[in-house]
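So that the names make sense, note that chain A is the first sequence line, chain B the second, and so on, each numbered from 1.
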Protein chains: 2
Amino acid sequence: MVKKKDLSTEEKILVAAKKVFVENGLSGARMQDIADKAEINKALLHYYFKSKEKLFEVIFKEATAKLFPKINTIFSSDIPLFDKIRQFTHDYVEIVIENPYLPLFVLNEINKQPHAFSQKLFGNDQPPVHKLSAQIEKEIKKGLIKPISPAHLIINMLSMCVFPFVGKPMIQLVMNIDEIQFRNMMEQRKTMIADFIIASIKK
Amino acid sequence: MVKKKDLSTEEKILVAAKKVFVENGLSGARMQDIADKAEINKALLHYYFKSKEKLFEVIFKEATAKLFPKINTIFSSDIPLFDKIRQFTHDYVEIVIENPYLPLFVLNEINKQPHAFSQKLFGNDQPPVHKLSAQIEKEIKKGLIKPISPAHLIINMLSMCVFPFVGKPMIQLVMNIDEIQFRNMMEQRKTMIADFIIASIKK
DNA sequence: ATATAATTTAACCAAATGGTTAACAAAAGT
DNA sequence: ACTTTTGTTAACCATTTGGTTAAATTATAT
């Protein structure tokens with residue numbers, strides 16, 4: 001457990017802000033709440049980060065920086081399809097296990113301002129789905145996997161990786177499981193998702 | 001297109017409130033905004049629904065009433081497993097296509113207050129997963145499908161049904177598709193998800 | 001030591017926000 | 001006709017909230 005006393009004021013603010021923003025969203029977060037959690041005066045927040053929006057942007061960028069580059073890298077890497085599926089699902093679930101509240105937070109904000117976000121995340125580059133899509137198409141043509149729309153396959157994969165975290169409280173409710181059981185299940189999903197997908201598409 | 005003039009004041013409020021709450025969440029929604037959209041005075045909101053929270057609760061209940069009872073019914077119905085999977089995924093995707101913004105809205109609020117929500121939704125009854133779980137276990141023992149944890153299978157199914165809507169703007173961004181293309185894909189998923197699952201688990 | 005820059009705080013402010021009040025209008029009972 | 005209930009509004013209020021200011025304290029450089 002890291003004690004806040006060991007951190008610089010700026011770090012303390014970031015730790016506190018992350019928690020408050022992720023729990024409450026942009027509009028639900030209170031600057032006073034962040035200040036209290038960071039054990040500083042509210043004016044200091046504005047001294048370090050000019051406004052609520054500016055502070056939020058820092059937190060949000062940190063969050064997306066964790067969640068997106070990995071997709072990019074693996075999607076466009078040069079390994080065989082099944083390996084790619086195994087690696088992506090494993091690594092992605094691992095990332096999200098370490099940051100279980102980020103997906104819902106990020107998805108919310110993308111929903112609220114898709115345009116602003118698109119530019120920020122991808123700039124002028126094309127998102128990296130095409131390479132993976134092409135790879136899937138090629139495997140189908142070669143007769144190595146069953147026919148399936150690449151878009152759907154990718155959506156399925158992403159869904160099974162991310163959704164359990166977005167729907168965590170609901171899943172815990174419906175399935176009546178506690179934190180530890182949930183965590184264990186997510187650990188299992190690191191390999192289970194790939195097995196499930198590959199079983200479905202391999203000939 | 002239904003004109004608001006034809007609706008009673010209460011209905012006008014509900015229509016407006018649903019839109020504002022679903023778009024902005026509880027904390028992000030403004031009572032004035034709802035009043036404006038319903039073309040009434042703000043005080044009337046408090047005349048019909050005592051407070052913001054009360055109004056929210058009505059909207060929220062309406063939303064969950066759409067999303068949850070279906071799960072219940074199908075999960076505990078007495079049809080063969082594959083039929084059940086086909087029916088659930090089809091019906092559920094259909095419901096969510098008609099209400100694409102409800103899942104994110106509902107998941108957010110469950111996240112913010114899981115306890116209050118649990119009681120409201122299920123009361124004292126057990127959630128209805130057990131029957132489906134048992135059915136899956138039985139099929140595995142009979143050797144009709146490959147071994148898989150029922151919990152994971154159910155989570156996978158739910159993920160593929162719901163996530164595309166929760167992550168809609170992100171998916172549109174990453175895959176570079178417009179509203180119509182997205183809608184078409186979701187239509188396809190009514191049958192595709194079941195095919196995908198069954199292909200994975202059948203022997 | 002002294003001047004300069006970086007941190008930190010208490011007090012304050014304007015705008016936004018949920019909610020109330022009192023008066024008025026329309027509808028429904030009698 | 002008139003009394004009561006229901007529906008509607010403008011004006012107002014208290015609180016919350018993001019943000020500012022000016023002064024004080026601490027660290028840093030000269």
Side-chain angles (χ1 to χ4, degrees), chain A residues 2-63 105 108-109 112-113 116-117 120, chain B residues 2-63 105 108-109 111-113 116-117:
Chain A
V2 183
K3 279 185 190 164
K4 282 183 211 140
K5 305 245 163 158
D6 300 53
L7 303 173
S8 72
T9 302
E10 189 173 345
E11 287 169 325
K12 284 199 291 182
I13 293 176
L14 286 174
V15 169
K18 181 178 173 180
K19 194 159 190 231
V20 175
F21 276 130
V22 167
E23 275 175 12
N24 304 294
L26 173 54
S27 62
R30 294 293 104 105
M31 293 297 267
Q32 187 61 59
D33 200 2
I34 296 172
D36 291 348
K37 275 214 170 51
E39 294 173 319
I40 55 158
N41 188 287
K42 188 173 56 124
L44 248 192
L45 284 181
H46 292 87
Y47 177 76
Y48 278 91
F49 304 88
K50 254 195 118 40
S51 70
K52 191 187 184 184
E53 272 67 30
K54 285 275 202 311
L55 176 55
F56 178 81
E57 207 169 296
V58 174
I59 302 295
F60 186 68
K61 271 190 182 144
E62 197 188 297
F105 171 67
N108 267 313
E109 299 309 320
K112 270 166 203 159
Q113 14 170 317
F117 177 78
K120 260 178 216 158
Chain B
V2 182
K3 281 185 187 160
K4 279 180 212 147
K5 304 243 163 159
D6 300 80
L7 303 174
S8 73
T9 302
E10 189 173 346
E11 287 169 324
K12 283 199 292 183
I13 293 176
L14 286 174
V15 169
K18 182 180 173 180
K19 193 158 192 234
V20 175
F21 276 131
V22 166
E23 275 175 13
N24 305 295
L26 173 54
S27 62
R30 293 296 103 103
M31 292 298 266
Q32 187 61 59
D33 200 2
I34 295 173
D36 291 348
K37 275 212 171 51
E39 294 173 317
I40 54 155
N41 189 286
K42 189 173 55 131
L44 250 192
L45 284 181
H46 291 88
Y47 177 74
Y48 278 91
F49 304 88
K50 253 194 118 41
S51 70
K52 191 187 185 185
E53 273 67 31
K54 286 277 200 314
L55 176 54
F56 178 82
E57 208 170 292
V58 174
I59 302 294
F60 185 69
K61 270 189 184 147
E62 197 188 297
F105 171 67
N108 266 313
E109 299 310 319
N111 258 282
K112 271 165 203 160
Q113 16 169 317
F117 177 78

- Message: Classify B/Ala35 by what it touches in the nucleic acid, base, sugar-phosphate, or nothing, heavy-atom distance under 4.0 Å.
- Response: nothing
- Measuring from A/Leu45:CG to A/Ile13:CD1, what's the distance to the nearest 0.5 Å? 5.0 Å
- Looking at residues at least two apart in the chain, or sitting in another chain, which of them share a ring-ring contact (aromatic ring centres under 6.0 Å, His included) with A/Phe49? none
- In whole angstroms, the gap separating C1' of D/dT17 from CD of A/Glu53 amounts to 12 Å
- Query: Within this structure, what is the CD1-to-P distance between A/Ile34 and D/dT16, rounded to whole angstrom?
  - Reply: 18 Å
- Search all heavy atoms of B/Lys37 against all heavy atoms of B/Val20 and return the closest pair with its distance. CD-CG2, 4.1 Å
- Query: Once you round it to whole Å, what is the distance between P of D/dG7 and NZ of B/Lys12?
  - Reply: 13 Å
- Kindly indicate whether the side chain of A/Lys50 and the base of D/dG19 share any N or O donor-acceptor pair separated by less than 3.5 Å? no
- Message: Output the rounded distance in Å from CD (B/Gln32) to C1' (D/dC12).
- Response: 14 Å
- Item | Note, A/Glu57 side chain near A/Lys61 side chain (heavy atom, < 4.5 Å) | yes
- Note on the structure: DNA chain C: first to last nucleotide in contact with chain B (atom under 4.0 angstrom from a heavy atom), 5' to 3', is C/dT17 to C/dT21
- Measure the distance from CZ on A/Phe49 to P on D/dG18 and round it to the nearest whole Å. 16 Å
- So what does B/Tyr47 hit on the nucleic acid, given a heavy-atom distance under 4.0 Å: a base, only sugar-phosphate, or nothing? base
- Query: Rounding to a whole Å, what distance do you find between A/Lys42:NZ and D/dG19:P?
  - Reply: 9 Å
- Note on the structure: The contact string for nucleotides 21-28 of chain D, one letter per nucleotide 5' to 3', using protein heavy atoms under 4.0 Å with B, S and - for base, sugar-phosphate only and none, comes out as B-------
- Partners of B/Tyr48 by ring-ring contact (aromatic ring centres under 6.0 Å, His included), sequence neighbours excluded? none
- Query: Is there side-chain contact between A/Lys19 and A/Val15, with heavy atoms separated by less than 4.5 Å?
  - Reply: no
- Query: Taking C-beta and beyond as the side chain, do B/Lys52 and B/Leu26 meet within less than 4.5 Å on heavy atoms?
  - Reply: yes
- Here the distance between atom P of D/dT8 and atom CG of B/Asn41, to the nearest Å, is 11 Å
- In chain order, what residues pass the side chain to side chain contact (heavy atoms under 4.5 Å, CB included) check against A/Glu62, with sequence neighbours excluded? A/Lys18, A/Lys66
- Task: For A/Gln113, check side chain to side chain contact (heavy atoms under 4.5 Å, CB included) against everything at least two apart and list the hits.
- Result: A/Ala116
